[in-house]
Each structure stands twice: as C-alpha cells, then as structure tokens.
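This structure is a prediction, so every number in the text was calculated from the model and none was measured. We use all heavy atoms of the structure for the numbers below, so side chains are in, but hydrogens, waters and symmetry mates are not.
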Amino acid sequence: MNVPDKPSLDGLEAKWGEWWEATGTYRFDRSKPRQEVYAIDTPPPTASGSLHVGHVMSYTHTDLVARYQRMRGLEVFYPMGWDDNGLPTERRVQNYFGVRCDPSLPYDPSFDLTTLERPDEAEPVPVSRGNFIELCERLTVEDEKAFEDCFRQVGLSVDWTHTYTTIDERSRRASQRSFLRLLLRGLAYKVEAPTMWDVDFQTAVAQAEIEDREVAGTYHRVRFDLADGSGSVEIETSRPELIPACVALVVNPGDERFRGLIGRSAVTPLFGAEVPIVAHELADPEKGTGVAMICTFGDITDVTWWRELRLPARVVVGRDGSIAPARWGEPGWDARDADAARRAHDELAGLPTKRARKRIAELLAGSGHLRGEPQPVRHVVKFYERGERPLEVVSSRQWFVKTIEFREQLLERGRQIRWHPEHMGARYASWVEGLNGDWCISRQRFFGVPFPVWYRLDEHGVPDHDHPLVPNEERLPVDPSSDVPDGYAPEHRGQPGGFAGDPDIMDTWATSSLTPQIAGGWEEDPDLFPRVFPMDLRPQAHEIIRTWLFYTVLKAHLEHDSLPWMNAAISGFVMDPERKKMSKSKGNVVTPVEMFERHSADAVRYWAGSARLGVDATFDEQQMKVGRRLAIKILNASRFALTMEAQEGPVAEPVDRAMLAGLRTSVEQATAAFEDYDHARALEVAERFFWDFCDDYLELVKQRAYGAHGPEKAASAVSSLRLALGVQLRLLAPFLPFVTEEVWSWWRSGSIHRAAWPKPDELNPHVAGDAAVYRVAAEVLTAVRKAKAMAKVSLRTPAELVTVHDSVERLRALSEAEADLKEAGGIVKLETVEAEALAVETILATP
RNA sequence: GGGCGCUUAGCUCAGCGGUAAGAGCGCUGCCCUUACAAGGCAGAGGACCGGGGUUCGAAUCCCUGAGCGCCCACCA
C-alpha cells in the first residue's frame with residue numbers, strides 16, 4: 001500500500017501515458033483467435049490542419065468501447081490511421097513548397113528541393129507525381145505527430161505499433177489490388193459518359209461528394225416557335241445560356257394542355273435548331289410552364305432524358321466552365337439560319353456560364369423571345385463539397401465501380417449492421433435508395449493512388465482504352481507514370497505503338513473504403529487478417545455515412561461477400577454554446593490542448609463520455625469542471641478507504657452488505673449499458689453510485705471504520721470500503737483512465753485497464769438480503785442534516801432526539817444501521833414510530 | 001417534396017405506461033466535520049411545445065399541429 005498524503009491530478013497524463021507505452025498495456029496480442037478479439041476500424045483523421053474538440057469527443061467514445069471490451073477479456077485490435085491522401089493535402093503541399101504536380105514527368109530519384117533552380121519564385125516548380133507524393137508525405141509527417149500527441153494525451157488506448165496512412169505503400173497496394181480485382185471481374189469499367197464536373201478543380205466528382213446549396217438565380221420565360229409556324233410554346237429556365245445546347249422540349253405525357261404538341265418540333269430561339277417535342281414522366285406539369293427544355297447537359301435530369309429518349313448531343317459548356325466554340329458541321333450542329341446562329345454563338349463563346357447567361361438574356365430580349373422580365377429566385381444548385389462554382393455536367397472518360405445493380409444487396413447489408421443509435425440506419429438506407437448511378441472513382445488530380453493501368457497506343461498514338469494493360473498483383477503498388485507495363489521499355493512511353501499510363505488517380509474514398517483491410521493486413525499478413533476481419537466496430541460521424549461507411553460496405557460486399565464490421569457507432573457533432581456546429585471555418589474552436597491543461601484529460605473525457613452517441617453535444621467547460629471534481633473526489637475517497645489502520649475482515653455488518661448489494665445492481669446496469677453501446681448511461685450509473693457512496697456510506701461508516709465499535713466491526717467497514725472501491729474504480733476506468741490507474745497503483749499490481757470488468761457475482765458472498773438498510777439510513781441521515789442546515793448550525797451539533805416515522809419493514813431495516821446512523825448524524829437518542837411514509841423529527845441540542 | 005431526430009427546471013440533459021417529475025451546473029443559505037475548502041451539507045426552482053385521443057392511470061402510447069436541427073431529393 002503506497003498512498004500519497006496529498007494526492008493530485010497533476011502529471012498523471014504523462015506518468016501513465018509513458019508507463020502504458022513502456023509496458024505495452026494496449027499492445028494487441030495477435031496470437032488470439034477471432035472470437036477472442038474485438039477489432040475496431042478506427043477513423044483516420046485528415047492529417048492536414050489540427051484536431052478539435054469534435055475529434056476528442058468522438059475518439060473518446062471509441063476508446064470507451066475499446067477499454068470496456070478489453071476489460072471484458074477480449075483482445076482489442078485498435079489501430080490508428082492518418083488520412084493524408086487527397087485534395088486537402090495536395091493543396092497544402094502546393095502552397096507550402098511552391099510546386100505543381102505534373103503527372104507526365106517521370107520520377108526523379110535525385111530530386112532535392114533545396115538545391116532546385118528556381119528562376120521565378122512565383123512560378124510553381126513542376127514535379128513528377130512520385131516526387132510530389134514524397135513531398136506530401138514529408139509534410140504530413142508533422143501533422144501526424146501532433147495528432148498522435150493529442151490522442152495520447154487524451155488517453156486513447158490505441159496500439160501505436162499498428163498505424164497506417166492512406167497514401168503509404170500498403171494503402172496504395174490495397175487500393176490498386178482491390179481495383180484490379182474489380183476490373184478483372186468486370187465490376188470496374190471505364191466509359192465515356194456525362195458526369196458531374198468541377199470546373200475549378202478540373203475533375204470529375206462522385207454523387208457522394210456533391211452537396212446542394214441555395215443560391216440566387218433568375219427565371220427567364222422564353223418563347224420557342226413551332227417548326228411548322230403554327231404557333232409557339234413557352235418554357236422557363238434559369239440557364240438560358242444552354243439554349244444552344246437544347247436538343248428537345250419535353251412535357252409530361254399526361255398533361256392535357258400539351259398533348260397536341262407531342263411529336264411535333266420547335267425551333268430554338270437565336271440558334272434556329274429544330275428540336276422535337278417529346279414526352280417523359282419526369283417532366284413536371286407543376287414546374288415552370290409545364291414545358292422544359294432538354295439540354296446537353298444542364299443537370300442529371302437532362303442526362304436521364306438524353307439517355308432514355310435517345311437524343312443527340314450538342315455540348316456547349318467546356319471543362320473550364322465557359323461556353324465552348326461552336327462545331328458547325330458536326331452531327332447535331334445545324335440551324336435554319338446558319339449565319340444568325342453563328343453570330344449568336346460568337347456572342348457567347350468564351351464567356352463563363354454566368355456571364356453568358358446575362359448576355360443571352362439581352363439577345364433574347366432583343367429578338368423578342370424573352371417574355372416578361374427575368375424573375376430573381378433562390379434555388380438549389382449542386383456543388384462539389386469543396387468547390388466554389390456550381391458543377392457542370394460534362395462528358396468525359398471515367399472509371400466507375402458498379403453499384404446500382406447491387407442496390408438491394410447493399411440495402412440488406414445495411415439492415416445487417418447494428419447501428420448505434422438505431423435510427424442512423426435510416427440515413428444509410430435513404431442514401432442507397434437515392435443512388436442514381438455507379439460510383440465514379442477516377443479523379444483528374446495528382447495526390448492519390450494512381451490507377452495501375454496503361455493503354456496501348458496505336459500507330460497514330462491513340463490510346464486503346466478498351467483493353468488496358470494491367471500489372472500482376474506482385475508488382476503493386478505501381479505508378480504508371482514512371483513504371484512500365486510488362487513487355488514494354490521506358491522509351492516506348494508516349495510513342496505510337498507504345499503505351500501510355502492512365503493519368504488519373506482514385507477517389508480518396510477508394511482507399512478509405514478499405515481501412516479494415518489495410519489495417520488488418522489483407523493479403524499482406526495472412527496470419528493477422530482472419531483474426532480481425534470482419535471487424536466488430538466502425539465508429540464515425542453521421543456526415544460521412546454516405547461516403548466512408550457506404551463505400552466500405554460496398555467494397556467488403558464485392559471483395560469478401562461480407563460486412564466489413566458488425567456495429568456502426570455514430571457520434572454527433574460538438575456544438576458551441578450558440579448551437580452552431582464547431583468547425584475551423586467558423587472560428588469557434590477551442591483547441592484540445594487548452595482543455596487538457598485547464599481541466600485534465602480525465603475531465604475532458606468525462607464531458608465526452610456524458611454525450612450520447614448520435615446526439616450533437618454542446619461544448620461545455622462547466623461539465624469538464626464537474627469531471628475534474630469527480631477525478632479529485634476519487635483520489636480523496638480512495639485515500640480514505642485505503643489508509644484506515646484497522647485490519648480487513650469478514651463483511652458482516654448489515655449496512656456494509658446493503659451497500660454492496662446496491663453496488664451489485666449498479667454493476668449490472670453499467671454492464672448492460674455498455675453492452676448496448678450506451679456509454680453515457682454506464683457513466684451515469686457508476687457516477688451516481690460513487691457520489692452516494694461518498695456522501696452517505698462513507699459518512700455512515702467513518703467512525704466505525706476508525707474503530708469506534710471494535711476491530712471486528714471496523715474490519716467489516718474497511719473490507720467493504722476496499723471491495724467497493726475496487727469495483728467502482730473498474731467501472732470508472734474506461735472514462736477516467738488516468739486517475740483510476742493512479743489509485744489502482746497504490747494497492748494493486750498491473751494495470752487496471754487489463755483488470756477484469758467487474759462481475760455482479762464478485763459481490764455475492766458479501767451481499768445481504770436487504771438493500772434497504774443502506775437506503776433508509778441514508779435518507780434519515782439526509783433528514784437530520786437538513787434539520788441542522790435549516791437551524792443554521794454546524795453538522796457537528798448533536799441531535800438530542802431524532803424520531804423516525806416509517807413503515808414496519810423500513811424501521812426494521814433502519815434498526816440494523818442504528819449505530820452507524822447515530823454516529824454519522826451525531827444523534828444522541830433515536831426513536832421510531834410506525835407510519836405510512838418516512839417522516840423525521842429532529843430535536844437539536846441547544847447551544 | 002420525402003425521411004429521421006429533437007422540443008422536460010435559468011442552462012446542459014436523464015426519464016419513455018404506474019407511487020407526489022429527476023440529475024448536474026447555475027442560484028440561495030449554512031458548515032473549516034481528522035478523505036476532500038480546486039471541499040461538504042441543504043434549499044428554492046417545472047402548464048414535461050400546443051391540440052385531440054387510447055387507458056383505471058400518459059412526460060411516457062396513437063393521431064394532429066408548431067418550432068428547431070440534420071439527412072435525402074430531377075438546378076424547368
């Protein structure tokens with residue numbers, strides 16, 4: 001027994017953090033079979049920028065589960081990854097080093113930034129993708145170190161020997177292997193098709209990365225004359241600049257107003273193209289005039305119409321987001337008045353769509369086709385989540401992974417997952433039900449995992465996209481911009497009859513969707529993988545259910561025909577006191593380090609632990625102060641329980657046995673709560689018991705424990721105190737790992753975090769039948785204190801006579817605690833009267 | 001437009017069919033009591049969002065309305 005005189009929280013984080021590391025407390029024992037393992041698919045945080053309280057909360061939630069499961073006796077596989085693959089890192093590296101990635105350059109092994117010739121400082125230096133990746137890796141190392149420090153400080157019980165980054169070699173290999181296997185099975189394919197395109201980032205994006213934003217727009221009512229000169233129809237559009245791309249008008253087949261128009265033709269204003277008037281269910285009679293123009297391509301609906309109605313394409317918006325030059329003479333490009341059409345197009349060509357919109361409105365007004373004044377409106381437009389300009393639909397050649405045909409199976413996978421909280425499953429289902437196309441996984445960016453394919457070039461140097469050259473899996477990872485396909489030499493690159501590497505990289509989620517496989521050593525560590533996969537738990541935020549969670553389910557379904565994990569625990573956001581989501585861009589973040597310093601890591605964890613899964617939590621330093629008080633209380637109460645001089649002995653006193661009976665109930669409840677992934681409830685139960693234990697039990701038995709009634713009764717108290725303490729420390733250990741470890745170290749060997757989670761049965765030999773003894777005594781004690789508080793006297797003031805009115809059974813229970821109660825309450829004489837309910841009269845000694 | 005969640009004391013939240021509605025914080029008062037003054041003890045404070053219904057009994061179940069938040073949806 002080694003109890004300090006003045007226990008303190010100071011320095012506990014460093015002391016135990018180092019000890020856990022040195023002794024390998026959280027090291028994964030890979031000799032354990034799957035059924036004895038609890039595996040966690042830790043979210044790899046984005047490694048650019050810094051961690052904030054939201055991370056601290058959600059990662060603590062995961063750690064609570066990890067610690068609970070470890071104490072339950074399972075071997076916890078708790079790796080950590082860093083997500084450094086993707087656009088955020090790319091942009092940071094460009095600015096930081098003043099470079100620009102040119103994927104056409106070969107890797108330069110002797111590349112050295114410090115000796116680089118830089119004639120113009122303002123001009124970014126082009127570097128190969130391989131060199132660019134090295135720079136990215138260099139920069140992210142620092143972020144990752146800072147993140148690790150923060151996570152260690154908050155006490156995550158991660159096994160730090162199991163780490164990965166999403167751009168490291170293993171991740172690249174896993175991503176490419178996964179892709180190649182999908183390709184060989186026909187589940188990945190490359191096709192030229194209209195896709196959502198960000199005109200600033202110059203890349204295709206997937207449905208999952210698109211968000212709606214409400215922006216200002218303008219409705220223009222435009223007249224289209226019928227081709228046979230028999231009249232006209234009007235349409236309403238917010239994008240008149242797409243009139244040159246109009247290939248048809250569409251009405252709802254059931255719309256009586258326009259039934260006579262179907263099958264006839266109209267002429268586009270200004271451009272004089274003759275376009276059919278067609279019918280389609282998606283045309284909404286309620287919107288606009290009930291007649292819509294179909295353009296190639298204004299939005300996804302246009303794509304649907306174009307595809308289903310087999311319309312020709314006349315694309316006018318270029319990849320840079322401006323009106324492209326006309327292509328007169330090509331199929332689809334004709335006009336009744338060719339000169340007028342040319343003049344109109346010349347007015348618009350080269351203009352960004354927004355300016356082209358204004359210009360064409362003027363032209364339409366001039367030609368008399370614009371009806372009435374344009375009406376300003378607020379409407380919803382699709383944006384790339386990181387983008388600043390609306391997405392355009394452009395036709396380009398992209399890689400896709402088949403998704404739609406698995407919709408039903410993926411919905412079924414969603415039903416197999418145990419969601420915490422349960423209703424989060426609805427978000428997954430609604431996303432899967434709303435999918436409108438396969439997963440576009442190619443990006444026209446640089447920092448990411450390249451597609452491990454090359455294309456043969458024919459005698460004219462034109463690539464054969466339909467028959468890609470692929471490497472054997474043993475060669476992975478490859479970089480097709482510097483590596484050469486089998487059977488070719490480097491000098492064949494780009495030559496007619498030679499080869500060209502695929503220039504694109506994969507969507508960052510194509511890698512992140514493999515985190516269980518990457519962390520688990522899929523195809524790399526055949527001993528480890530079956531011990532951890534499929535995993536037990538995926539913890540994450542709800543905003544990325546449609547990306548990270550969905551894609552991970554998809555990949556596991558396609559590759560392993562299984563779920564990637566059984567449970568999904570969804571944490572909420574952290575809101576600032578004004579109920580706004582805390583985020584860096586809002587400038588309302590508090591750094592975690594500040595909080596650790598002000599309140600201690602245990603205190604911060606207490607706040608995090610009291611927030612339930614799936615519920616947005618309010619950032620509340622007050623709550624951290626409460627956590628700190630709890631931690632200090634644990635130190636002091638433990639000191640009291642452990643420094644009694646009396647010997648331990650049999651637990652015989654009714655009050656002691658009753659208290660332990662109550663503790664047994666708390667153990668049952670806390671355990672049930674943790675089994676249900678309700679950590680907040682488990683904390684509440686343990687904490688409730690602990691405070692009552694301190695306020696009432698400690699006070700009731702204090703004098704007896706000091707020996708006021710002899711060694712045997714003291715022994716019963718001391719044993720009970722220590723028994724209860726040992727159980728309660730373990731109940732609280734997941735939440736307050738530092739302070740509980742500190743106290744554990746005073747009188748036990750080994751780490752509390754490897755000790756067994758308390759079982760109700762542990763307490764059975766010491767538990768009496770009547771838990772009411774403790775409860776009634778505590779209630780009477782409170783009543784006596786109240787009388788003293790009301791009389792504004794010290795609690796030490798003796799109570800000459802206390803009369804307790806209560807039921808027979810409760811009075812009998814009370815009699816068992818009489819001696820302790822009199823001692824704790826300073827009661828000289830205790831009398832009892834039978835009554836319906838509890839009432840206590842207290843006569844205090846006159847001063 | 002569809003879906004999900006939330007609405008309980010000044011604040012943050014439990015409770016989700018059964019004794020007079022709970023906790024913590026904050027507030028007020030008292031107390032240096034030998035585990036703890038970075039403390040302890042006690043007190044005040046509530047039409048359980050509104051309206052219907054089911055029930056012996058509803059904050060809790062059903063219907064309906066309102067507000068807030070989030071997710072999804074084809075930019076006419």
Side-chain angles (χ1 to χ4, degrees), chain A residues 3 6-9 212-215 217 219-222 235-239 242 249-250 282-284 286-295 298-305 377 379-382 390-391 393 421 423-434 436 542-543 545-546 572-573 575 577 579 581 607 610-612 614-620 622-623 625-626 628-644 680-681 684 687-688 691 694-695 698-699 702 706 721 781-797 824 826 837:
Chain A
V3 185
K6 256 289 184 194
S8 156
L9 297 178
D212 288 340
R213 291 185 205 160
E214 198 184 89
V215 297
Y219 283 159
H220 305 74
R221 188 173 275 249
V222 180
I235 60 109
E236 206 163 72
T237 178
S238 60
R239 300 203 60 185
L242 293 179
L249 297 183
V250 65
L282 284 182
D284 184 350
E286 302 294 318
K287 285 188 179 170
T289 63
V291 184
M293 65 172 182
I294 301 175
C295 304
D299 62 17
I300 297 286
T301 317
D302 279 341
V303 177
T304 306
W305 281 329
V377 292
H379 65 161
V380 171
V381 177
K382 294 201 178 308
L391 289 167
V393 179
H423 68 256
M424 288 295 175
R427 299 212 178 176
Y428 173 90
S430 102
W431 174 253
V432 177
E433 280 160 8
N436 59 26
H542 48 70
E543 60 180 348
I545 287 175
R546 68 179 187 174
F573 290 133
M575 318 295 277
R579 306 255 75 190
K581 180 189 167 186
W607 160 74
S610 52
R612 302 180 120 71
V615 176
D616 291 342
T618 309
F619 177 72
D620 187 359
Q622 209 51 248
Q623 194 66 4
K625 289 183 185 165
V626 174
R628 185 178 174 85
R629 210 163 54 117
L630 173 62
I632 293 172
K633 192 80 172 175
I634 289 170
L635 289 175
N636 288 319
S638 301
R639 195 173 96 85
F640 172 75
L642 296 175
T643 51
M644 287 292 132
R681 170 85 186 137
E684 189 186 313
E687 188 193 9
R688 176 79 265 146
W691 281 107
C694 291
D695 291 347
L698 254 51
E699 296 302 329
K702 189 179 279 183
Y706 278 131
L721 282 167
L781 180 59
T782 296
V784 173
R785 284 180 191 141
K786 178 174 175 174
K788 293 179 182 179
M790 290 309 202
K792 304 195 175 194
V793 298
S794 161
L795 287 180
R796 275 194 307 188
T797 307

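Here A:Lys792 lies in heavy-atom contact (under 4.0 Å) with sugar-phosphate atoms only. Residue-level contact check: A:Ala283 touches the bases, meaning some heavy atom is under 4.0 Å from a base atom. In this structure, A:Asp212 reaches the bases: a heavy-atom distance under 4.0 Å links it to at least one base atom across the strands shown. If you check every strand for non-hydrogen atoms under 4.0 Å, A:Ile300 touches nothing. A:Asn436 comes within 4.0 angstrom of the backbone, heavy atoms only, and of no base. Here A:Leu282 lies in heavy-atom contact (under 4.0 Å) with a base. Residue contacts for A:Leu249: at a heavy-atom cut-off of 4.0 Å it reaches no nucleic acid atom on any strand shown. Heavy atoms of A:Lys786 sit under 4.0 angstrom from primed sugar atoms or phosphate atoms, though from no base atom. Heavy atoms of A:Lys702 sit under 4.0 angstrom from at least one base atom. Residue contacts shown for A:Glu684 are limited to sugar-phosphate atoms, with no base heavy atom under 4.0 Å away. Backbone-only contact: A:Thr782 has heavy atoms under 4.0 Å from sugar-phosphate atoms and none from a base. Looking at heavy-atom distances under 4.0 Å, A:Trp607 makes no contact with the nucleic acid at all. At a threshold of 4.0 angstrom between heavy atoms, the contacts of A:Arg688 are confined to the sugar-phosphate backbone, with no base atom among them. Nucleic acid contact for A:Leu698: base, since at least one base atom lies under 4.0 Å from a heavy atom of the residue.
Between A:Lys382 and A:Asp299 there is no salt bridge, since no side-chain N of the basic residue sits under 4.0 Å from a carboxylate O of the acidic one.
When both pairing distances are held under 3.5 Å, B:A20 makes no Watson-Crick or G-U pair with any nucleotide shown. Checking B:C41 for Watson-Crick or G-U wobble geometry (two distances, each under 3.5 Å) identifies B:G29 as its partner.
Taking every side-chain heavy atom of A:Arg796 into account, B:U33 is the closest of B:U33, B:U12, B:C75. Which of B:A42, B:C31, B:A14 sits closest to the side chain of A:Ala789 comes down to B:A42.
Remark: the separation of the C1' atoms in B:A44 and B:A9 is 11 Å, to the nearest Å. Comparing the P positions of B:C32 and B:A21 gives a spacing of 36 Å, expressed to the nearest Å. A distance of about 14 Å separates the C1' atoms of B:G10 and B:U28, rounded to the whole Å.
Nearest-nucleotide positions on RNA chain B for A:Asp695 and A:Arg681 put A:Arg681 closer to the 5' end. Mapped onto RNA chain B by nearest heavy atom, A:Val381 and A:Ala426 fall at different nucleotides, with A:Ala426 at the one closer to the 5' end.
Residue A:Arg629 has a polar side-chain atom (N or O) positioned under 4.0 Å from OP1 or OP2 of B:C25. One finds a side-chain N or O of A:Arg546 lying less than 4.0 angstrom from the OP1 or OP2 phosphate oxygen of B:C72. In this structure, A:Thr618 reaches the B:C13 phosphate: one of its side-chain N or O atoms is under 4.0 Å from OP1 or OP2. Not one side-chain nitrogen or oxygen of A:Arg239 sits closer than 4.0 Å to the OP1 or OP2 atom of B:C75. Phosphate contact (OP1/OP2 of B:G26, side-chain N/O of A:Gln622, threshold under 4.0 Å): present. Between A:Asn636 and B:G39 there is no side-chain N or O to OP1 or OP2 distance below 4.0 Å. Regarding contacts with the backbone of B:G40, a side-chain N or O of A:Lys633 is found under 4.0 angstrom from either OP1 or OP2.
Looking at A:Lys382, its side chain has no donor and acceptor atom pair within 3.5 Å of the base of B:C75.
Residues A:Gln623 and A:Arg628 have side chains not in contact (no heavy-atom distance under 4.5 Å, counting atoms from C-beta outward).
Note that CD1 of A:Ile300 is 9.0 Å distant from CG of A:Leu391, once rounded to the nearest 0.5 Å.
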